[in-house]
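Residue numbers run from 1 in the order of the sequence given.
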Amino acid sequence: MFRIDQAVIDFLDYLPGALIEVEFKSLTITYMNRMAFFLFGNTQEDVDAGMPIRTVFYDDAEYQKAVKVAEHFGLDNYTNSTPYNRYRAQDLHDFKMVKSDGSMFIGEVQGSFVLDEDQVPAGARIYIRDLTKHRITETLLQESEEKYRTLVEFSSDLIFQVNSEEIVLSVNQAAARSLGRTVDEVQGMKISELFPEKYAQGYKRNIESVFGSGVSVSYESGMPTKAGTIWINTTLNPVKDSWNKVSSVIGVARDISQKKQAERELIKMSMAVEQSPASIVITDLKGTILYVNPKFLRLTGYNYDEIIGQNPRVLKSEEQPKEFYAELWTTISSGETWTGEFHNKKKNGDLYWEFAQISPIVDKHGEIFEYLAIKEDITERKLAERLLKESDSLRELMLDVITHDLKNPASTIFSMSELMKTEYPENEYVNLIHQSSFNLLEVLKNTTLINQAIFGEHIPKEKLNLNTLFQGLKEEFSYALEEDDMELILELPKDITITANPLIGDVFKNYISNAIKYAPGGKQIVISATRAAQSLHISVSDFGTTIPERDRHRIFERGTQLEHGKKRGRGLGLAIVKRLAAAHDAKVGVVPNHPTGNSFYLKMPI
């Protein structure tokens with residue numbers, strides 16, 4: 001069942017009508033507000049003892065009539081345990097009801113379902129208004145005209161009488177004042193002359209219904225007044241002549257704007273608490289739990305009845321010292337808000353972390369009477385922090401392996417290649433081994449910088465001449481280009497420089513390497529650069545097969561290969577190329593080349 005905290009209960013107690021809450025499972029009343037106790041004459045002890053809802057209806061016929069109304073409104077959702085989604089305006093119904101002393105009265109009833117966390121009806125809230133006073137006009141018609149006029153004139157309700165042609169026969173001062181007119185001005189006017197069309201049509205339909213059926217009608221609607229539009233609850237009663245024919249209709253309208261506003265605020269507050277993604281707990285001064293919201297129940301595994309009346313210490317995991325809780329209570333009992341993290345335990349024994357803010361709730365005199373805790377589950381964040389620390393440790397270990405364990409064999413290969421180069425200076429394979437081992441040592445030397453770039457950390461930058469950079473790359477790839485009968489063409493302006501770390505060359509190494517492997521049929525690779533107002537656009541273009549549009553963004557993601565089943569990339573890969581660019585506040589991408597092929601680019605700010 002829906003549960004509400006004491007603050008809301010205090011608010012409901014001052015509603016102008018009686019409000020009761022019914023649980024479907026037991027068919028008992030679980031809550032009555034102050035007006036309900038006054039109206040029915042029952043006590044809280046009656047409610048606590050499990051007061052059947054049947055006891056407030058005059059007889060079985062009236063009770064079954066109420067059941068039929070609930071069934072029409074969607075009671076089958078409770079029976080079938082299915083979510084309720086038939087939201088519509090709630091009708092008003094009259095029932096013969098009985099007080100605890102056995103006296104009968106006519107109750108105007110309006111109800112709504114209370115939904116559980118799965119949106120299945122679990123009960124109902126029923127708003128009841130005693131219509132005895134609204135029948136006063138019928139009694140007044142049987143008494144003297146003078147008494148009738150006196151009572152009507154002094155009423156704060158809006159009272160009026162209309163005939164079958166919807167002409168106002170009489171009206172009290174309160175109704176005339178609300179329209180900004182005098183009584184004499186209003187009497188004799190038609191409903192359509194007093195109100196705009198959209199309001200008049202609704203009023204006329206209800207009046208016609210009473211004339212046609214001879215039965216009273218009650219409804220809620222808006223009403224334009226000189227002070228603005230208000231909400232009214234109107235009861236239309238038939239006045240019958242000696243032939244039992246309806247000769248006129250007397251209406252009594254009451255301003256319920258404040259009630260409507262209170263209902264809207266209550267709904268908003270209830271929804272905010274019930275649907276909050278944070279756990280909400282309210283306790284008394286001793287720490288006894290008075291209310292928890294559905295998020296708390298889902299998180300901890302407790303059900304409502306298990307946790308209400310308990311102390312929050314049932315969640316303690318013994319992972320935090322007594323001093324921690326002592327400091328908390330010292331803070332909130334002094335009127336201050338406490339913020340911190342709990343390492344708590346669920347009902348099933350699982351541990352979880354919460355970030356909590358606990359504040360005292362004070363009355364109008366500033367006295368603390370309850371405590372409110374709003375708590376956020378931060379278990380995943382804590383896990384991520386721990387994994388990040390472990391990742392940093394693993395990262396440092398990998399750096400040690402790369403920079404120390406691989407450096408020695410790489411140095412040995414380089415030294416041996418230098419000896420071989422001395423003896424075989426013209427041998428292409430010897431030169432290739434020498435150059436590759438040198439490049440490997442350079443990569444190992446720059447491992448720390450590469451690591452910083454990959455993880456988004458700051459790396460040092462310097463002025464670099466692009467012509468010098470690409471001439472070096474052209475020489476480095478000369479053997480691979482010659483082997484595939486390809487040509488690397490540089491179309492760069494003279495003396496063009498960028499501010500970057502030398503690692504930026506690895507971006508272009510990757511582009512050139514991929515072009516040689518995946519586009520050898522194009523025979524050419526063209527490197528060009530164009531300046532814009534605030535950026536430099538450097539392209540490495542090939543004339544191979546154009547990459548499909550759906551893959552152009554994806555190939556820069558980790559684990560994506562340019563082509564399945566063919567040669568695979570080596571070195572840093574396009575995912576790391578993207579990280580290197582980001583370390584320079586630059587962007588990378590690929591666009592189609594013309595007539596065929598691809599242009600991989602680096603766009604750098606200048």
Whether the side chain of S513 engages the backbone of K509 through a donor-acceptor N/O pair (distance < 3.5 Å, no angle test) should be reported. no

Going by atom types alone, do N510 and D506 pair a side-chain donor with an acceptor below 3.5 Å? no

Does a side chain donor of either D350 or N348 reach within less than 3.5 Å of an acceptor in the other side chain? yes

Qualifying residues under salt bridge (Lys or Arg N to Asp or Glu O under 4.0 Å), relative to [X], sequence neighbours excluded:
{"X": "K461", "answer": "none"}
{"X": "K578", "answer": "E557"}
{"X": "E483", "answer": "none"}
{"X": "D76", "answer": "R86"}

Expected list for residues 590-598: side-chain donor-acceptor pairs under 3.5 angstrom, two or more places apart:
{"from": "N593", "atom 1": "ND2", "to": "D542", "atom 2": "O", "distance (Å)": "2.8"}
{"from": "T596", "atom 1": "OG1", "to": "G544", "atom 2": "O", "distance (Å)": "2.9"}
{"from": "N598", "atom 1": "OD1", "to": "I547", "atom 2": "N", "distance (Å)": "2.8"}
{"from": "N598", "atom 1": "ND2", "to": "T545", "atom 2": "O", "distance (Å)": "2.9"}

Sequence neighbours excluded, which residues qualify as side chain to side chain donor-acceptor pair (under 3.5 Å) partners of T82?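 Per chain and number, T82 pairs via side chain to side chain donor-acceptor pair (under 3.5 Å) with N77.
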
Holding to side chain to side chain donor-acceptor pair (under 3.5 Å), I want the full list of residues that pass it with K316, two or more places apart in sequence or in another chain. none

Does anything in residues 521-555 form a ring-ring contact (aromatic ring centres under 6.0 Å, His included)? List the pairs, not counting sequence neighbours.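 ring-ring contact (aromatic ring centres under 6.0 Å, His included) check on residues 521-555 returns H537-Y601.
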
My understanding is that only residues two or more places apart in sequence, or in another chain, count here; which of them pass side-chain contact (heavy atoms from CB on, under 4.5 Å) with A500? L464, I498, I504, H584, M604

Holding to side-chain contact (heavy atoms from CB on, under 4.5 Å), I want the full list of residues that pass it with A529, two or more places apart in sequence or in another chain. L492, P493, I496, L536, I538

Residues 321-328, side-chain donor-acceptor partners within the protein, below 3.5 Å, at least two apart:
{"from": "E327", "atom 1": "OE1", "to": "W338", "atom 2": "NE1", "distance (Å)": "2.9"}
{"from": "E327", "atom 1": "OE2", "to": "T331", "atom 2": "OG1", "distance (Å)": "3.2"}

Taking all heavy atoms of N465 and all of D495, pick out the closest pair and write down the distance. ND2-CA, 4.0 Å

Nearest-0.5 Å distance, CG of residue D377 to OG of residue S279: 7.5 Å

Kindly compute the distance separating CD1 (I512) from CG (L473), expressed to the nearest 0.5 Å. 5.0 Å

For residues 336-345, which residue pairs pass the salt bridge (charged side-chain N to carboxylate O under 4.0 Å, His left out) check, not counting sequence neighbours?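 As it turns out, the salt bridge (charged side-chain N to carboxylate O under 4.0 Å, His left out) pairs with a partner in residues 336-345, which skip direct neighbours, are E341-R381, E341-K382.
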
